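Here's the structure we're looking at; comments come further down.
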Number of protein chains: 2
Amino acid sequence: MRQEARDRPRIADVAREAGVSKTAVSFAFNSPERLSPDTATRIRDVATSMGYRPHPVARMLTQGRTRTLGILTPQALSVVFANPFFATFSQGVAAVAEEAGYALLFVSPVHGSLARAVNRATVDGFVAIGLAQDHPEVEQIRRAGLPIVMVDSAAPFPEHPAVDVDDEGGARLAAEHLLALGHRDFLVIGVEPPAPGAQADSGGVVGRRLEAYREALAAAGIDLPDDHVVVGPASVEGGSACLAGAWEDGRRPTAILAMSDAMAIGAINAARRLGLRVPADLSVVGFDDIELSRHIEPPLTTVHQPVRRKGEEACRLLLSAIARDDSSRPDHRRLETRLIVRGSSGPAPIGKEVAGGR
Amino acid sequence: MRQEARDRPRIADVAREAGVSKTAVSFAFNSPERLSPDTATRIRDVATSMGYRPHPVARMLTQGRTRTLGILTPQALSVVFANPFFATFSQGVAAVAEEAGYALLFVSPVHGSLARAVNRATVDGFVAIGLAQDHPEVEQIRRAGLPIVMVDSAAPFPEHPAVDVDDEGGARLAAEHLLALGHRDFLVIGVEPPAPGAQADSGGVVGRRLEAYREALAAAGIDLPDDHVVVGPASVEGGSACLAGAWEDGRRPTAILAMSDAMAIGAINAARRLGLRVPADLSVVGFDDIELSRHIEPPLTTVHQPVRRKGEEACRLLLSAIARDDSSRPDHRRLETRLIVRGSSGPAPIGKEVAGGR
DNA sequence: CCGGTTTAGCAAACCGGTTTAGTGGAAACG
DNA sequence: CGTTTCCACTAAACCGGTTTGCTAAACCGG
């Protein structure tokens, strides 16, 4: 009994006022054909004049469904919304959800516990984004018994529908593109796990991309020593720091493979500060193809992944999992990536000595 | 009775299994001190072994609160998430909400009706962003009787808390900055209403900024004819189109006042295509100060508004409105804007003839 | 050993709707 | 005119929890 629910009229109040039963009021809203037309309108008139609206929670309880979809993120919303990638993904989910008349609830850890948040959540199902399968609470979440679609999870459970993209293929394309341009000296800029210890987010994604870079280079007879792989936070500043740090340590790559566009852009900025011209002295290839990438100078060569479509597909899978009574075997969908060549990559410089440096 | 709730055990099942009453089970979770320690643990053990979790909807119903906050947008989520501004705002709301243990429900029109969506929404209160006070359904929404904080509404209701920014001040600063640089020939690029007819979103904001531009220019004895104000969609492409179109029509401004950074960036791109150098031939000032603006070339001079803080403040006001039993007079908060001078603005060109054009 | 207080747990009422199973009366039918 | 069908509406059960009010047993001091 809290007063935030003010003194809003209940269905019984409307019934009394209109001189009918609760049932009649309910019918007036939900199945007017079971009432005589004029009683129905009269009841509705009384209801509106009293400012009545059916209590949505009570409704959910009786109907057994919420018409709400949950978006589950292992990180705090305040950090996840900083990621343009996430906004685009949400766009995709929202487009399909709205079409079907569902609202969207964003569910993030409550006091550090995702399972707690999941238990509180009044939804018909979840889209889990970047939830590693070895997340400590994932078992509890699955036991909640709600349909759940896993997006970008390292090794998704076969029993749940899943969506991801061909990270390996994209990474390979990026590496091969630079190899074809004659590059032999690479620096990989990777995304570090958000929290030390917790792998969360793109844990598996990072590993898959790195592995594919390595294989493509190996196929060309090039080894990628560990000190040619640096990681930092997935931000523009993080990318700058990665290149600056590696340069400081004596790395002199002619090409950079960045695992996120934001970091690639940071690397370009850092390169400029080091007196390097992009792409004449240094080629940079990103990953994701965020909106921003086509607007910077030079426009970023990058691996496109269909982020928005990822959201759409995930939401479709979820909706059909909710609708379906028999749980036929879940759909695992892998979307394609493709290389978009823009201005930040070019032929390897001829002389070994590049401009800039000290 | 839908099977999506599977055959999850109910509280009564747990009670039977543990050989106690429903009350005892409830106590075991919510007030264990009312039970002997070992019964409490025994009940909890049985519950976990059965995979029981209290039905969140039933819980909401009895407790009379949802621990969920609604973010209300008059536009579809799929379009609103395309706006980086919105993501930043959500970040602010989320930070405060998460801290207080609230989840976030995004509420957008259901089949075109915002009021319907509001009625479905199981929340303790709303943050309404860009909801014009003359929105046709706003009256119904207010009658829902839930606390509501209005953000960026043209003329907020005095009876609801509200947050906005000093648009007039910011616009004035932008105009005065360009005037001080010697500019006399202006083009204003504005945001067009998203849907024809519906003013929605930043309806009032656009008007307030335009008025302030006008006044500042008038104070310097400069008139701004209507055909020096063009509008388009609030996107990079929209900005390009605005400048390109105006140029086509014979406008030859030396300075552009854009009402959004995205449009300003578009204008810079268009200028480059017209052979104009920024800022040598054309100065551009944006509005909002989105992340992207500092990363483009040249970095954008723009009016900063504390978007994230806007979200934080709105959420704080909402939480206190929810907590407060007596409705003391609502808080109206106006946040400051400030001009950030970067590289896209410079002295007016000396000769009247500028490069490029035909 | 007795009256009073605590403790542990239960039955029933309640939250605010929807849905099922009727009910009484008028109309239709034979 | 008696029976059946249909119509318009209702009382009560239900959804799955929480909370109130109560009871029986254990405990306690004198």
Side-chain angles (χ1 to χ4, degrees), chain A residues 1-44 46-47 50-67 119-120 122 124 144-145, chain B residues 1-44 46-47 50-67 119-120 122 124 144-145:
Chain A
M1 272 39 48
R2 306 173 45 77
Q3 70 286 5
E4 84 203 9
R6 313 290 174 196
D7 36 1
R8 282 226 319 272
R10 323 263 153 242
I11 197 174
D13 301 324
V14 178
R16 191 177 329 106
E17 193 74 14
V20 295
S21 69
K22 291 192 332 181
T23 313
V25 179
S26 180
F27 282 164
F29 283 95
N30 306 314
S31 12
E33 72 282 2
R34 297 194 53 176
L35 254 34
S36 79
D38 47 348
T39 337
T41 38
R42 183 170 52 86
I43 293 178
R44 274 201 294 261
V46 172
M50 296 177 71
Y52 168 75
R53 69 160 186 154
H55 194 302
V57 174
R59 229 169 168 167
M60 280 182 180
L61 183 60
T62 57
Q63 307 193 147
R65 57 148 157 203
T66 63
R67 289 210 154 281
N119 283 344
R120 287 201 190 310
T122 54
D124 293 339
Chain B
M1 275 40 44
R2 304 172 48 76
Q3 69 285 10
E4 81 202 11
R6 313 290 174 198
D7 36 0
R8 282 225 321 270
R10 324 264 154 237
I11 197 174
D13 302 325
V14 178
R16 191 177 330 107
E17 192 75 14
V20 295
S21 69
K22 292 192 329 180
T23 313
V25 179
S26 178
F27 282 163
F29 283 94
N30 305 315
S31 13
E33 73 280 1
R34 297 195 52 176
L35 255 35
S36 80
D38 47 349
T39 348
T41 39
R42 183 170 52 86
I43 293 178
R44 273 199 295 261
V46 173
M50 297 177 71
Y52 169 76
R53 71 160 184 153
H55 195 303
V57 174
R59 226 169 170 167
M60 280 182 180
L61 184 60
T62 57
Q63 306 192 150
R65 56 146 158 206
T66 63
R67 290 211 153 280
N119 284 344
R120 287 202 190 308
T122 55
D124 293 339

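Convention: sequence-line order gives letters A, B, ...; per-chain numbering from 1. As the structure is a computational prediction, the values presented were derived from the model and not from experiment.
Rounded to whole angstrom, the span from the CE atom of B:M60 across to the P atom of C:dG17 amounts to 16 Å. As a whole-Å value, the separation of A:Q63 CD from C:dG17 C1' is 9 Å. As a whole-Å value, the separation of B:H55 NE2 from D:dT18 C1' is 15 Å. The separation between B:L35 atom CG and C:dT7 atom C1' is 11 Å, rounded to whole Å. The separation between A:R65 atom CZ and C:dT19 atom P is 10 Å, rounded to whole Å. B:R59 has its CZ atom 21 Å from the C1' atom of C:dG17, to the nearest Å. The separation between B:N30 atom CG and C:dA8 atom P is 18 Å, rounded to whole Å. Rounded to an integer number of Å, the gap from CD1 of B:I11 to P of D:dC15 is 14 Å.
The ring-ring contact (aromatic ring centres under 6.0 Å, His included) analysis of residues 24-43 of chain A, with sequence neighbours excluded, yields the pairs A:F29-A:Y52.
With sequence neighbours excluded, no residue forms a side chain to side chain donor-acceptor pair (under 3.5 Å) with B:T41. Applying the side-chain contact (heavy atoms from CB on, under 4.5 Å) test to B:R42 and every residue at least two apart in sequence or in another chain returns B:A18, B:V20, B:T39. Checked against side-chain contact (heavy atoms from CB on, under 4.5 Å), A:R67 has the following partners two or more places apart in sequence or in another chain: A:R65, A:Y102, B:R120. Annotation: side chain to side chain donor-acceptor pair (under 3.5 Å) contacts of B:S26 (sequence neighbours excluded): B:N30. With sequence neighbours left out, the side chain to side chain donor-acceptor pair (under 3.5 Å) criterion links A:D13 to A:R16. Judged as a side chain to side chain donor-acceptor pair (under 3.5 Å), and not counting sequence neighbours, A:S21 has no contacts.
Contact between the side-chain N/O atoms of A:S21 and the OP1/OP2 oxygens of D:dA11 is not found at any separation under 4.0 Å. Contact annotation: B:S36 side-chain N/O to C:dG9 OP1/OP2 distance is under 4.0 Å. Put simply, A:T62 has no side-chain N or O that comes within less than 4.0 Å of OP1 or OP2 on C:dG16.
Put simply, the side chain of B:K22 does not reach to within 4.5 Å of the side chain of B:R10, judged on heavy atoms. Side-chain contact check for B:R44 versus B:P32: some heavy-atom pair is nearer than 4.5 Å.
Across D:dG17, C:dG16, C:dT18, the shortest atom-to-atom separation from the side chain of A:R10 is found for C:dG16. Across D:dT10, C:dG17, C:dG16, the shortest atom-to-atom separation from the side chain of A:L61 is found for C:dG16.
Distance check, rounded to the nearest 0.5 Å: CG of B:D38 to CD1 of B:I43 gives 10.0 Å.
Comparing B:R42 and B:K22 by the nucleotide of DNA chain C that holds the closest heavy atom to each, the one mapping nearer the 5' end is B:R42.
Counting non-hydrogen atoms under 4.0 angstrom, B:V20 reaches the backbone sugars and phosphates but no base. As judged by a 4.0 angstrom heavy-atom cut-off over every strand, A:F29 is placed among residues making no nucleic acid contact.
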Pairs: protein N or O with nucleotides 4-6 of chain D N or O, under 3.5 Å:
none

Nucleotide-resolved protein contact map, nucleotides 20-26 of chain C, B/S/- at heavy-atom distance under 4.0 Å: BB-----
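Residues B:L35 and B:A24 share a closest heavy-atom pair of CD2-O, 3.3 Å. Heavy-atom minimum distance, B:A40 versus B:A28: O-CB, 4.1 Å.
Stem regions for DNA chain D, each three or more consecutive Watson-Crick or G-U pairs with both distances under 3.5 Å and listed by first number, read C:1-30 with D:1-30.
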